[in-house]
Visitor: 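This structure is in structure tokens; I'll ask about it shortly.
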Amino acid sequence: MMILMFLWKTFSNDIQDTLQACLVFIPQEIDFIGKTETLVDDLIYVFKSLDIKFDDNKIRNIPKINESYSTIEKPTWKGDIKEKNYYLEYPSLFRYGYLTKK
């Protein structure tokens, strides 16, 4: 929390500097982030990677609970904000598999 407060106070005038500074604090040891969109597959991947014995059919057949459907429309981007956001987030989007690795 102290790091976030430091970053906010230091870089709050320029969001680009803030986001780029935050990338410094992401440890390189983090090589996988599970996604809500593929939660079951990601959990199975982690268990297999850790060599944990489990029945993947049991995991795949657990009924979903608290599932909600968004009624929020896609955002409307003003000016070049979408391009700037994409530029700033690109390293994380690529690193954690939100973009196709070519």
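Bear in mind the structure is a predicted one, so any value in this text is a computation, not a measurement.
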Visitor: Would you mind listing the cluster partners of Ile81? Hydrophobic ones only (ILVMFWY), side-chain contacts under 4.5 Å, chaining allowed.
Guide: Trp77

Visitor: Could you list the donor-acceptor pairs under 3.5 angstrom formed between side-chain atoms of residues 45-61 and any protein atom two or more places apart in sequence or on another chain?
Guide:
{"from": "Ser49", "atom 1": "OG", "to": "Tyr45", "atom 2": "O", "distance (Å)": "2.8"}
{"from": "Asp55", "atom 1": "OD1", "to": "Asn57", "atom 2": "N", "distance (Å)": "3.0"}
{"from": "Arg60", "atom 1": "NH1", "to": "Asp41", "atom 2": "OD1", "distance (Å)": "2.7"}
{"from": "Arg60", "atom 1": "NH2", "to": "Asp41", "atom 2": "OD1", "distance (Å)": "3.2"}
{"from": "Asn61", "atom 1": "ND2", "to": "Asn57", "atom 2": "O", "distance (Å)": "2.8"}

Visitor: Would you say Lys35 has more than 12 foreign heavy atoms packed within less than 6.0 Å of its NZ?
Guide: yes

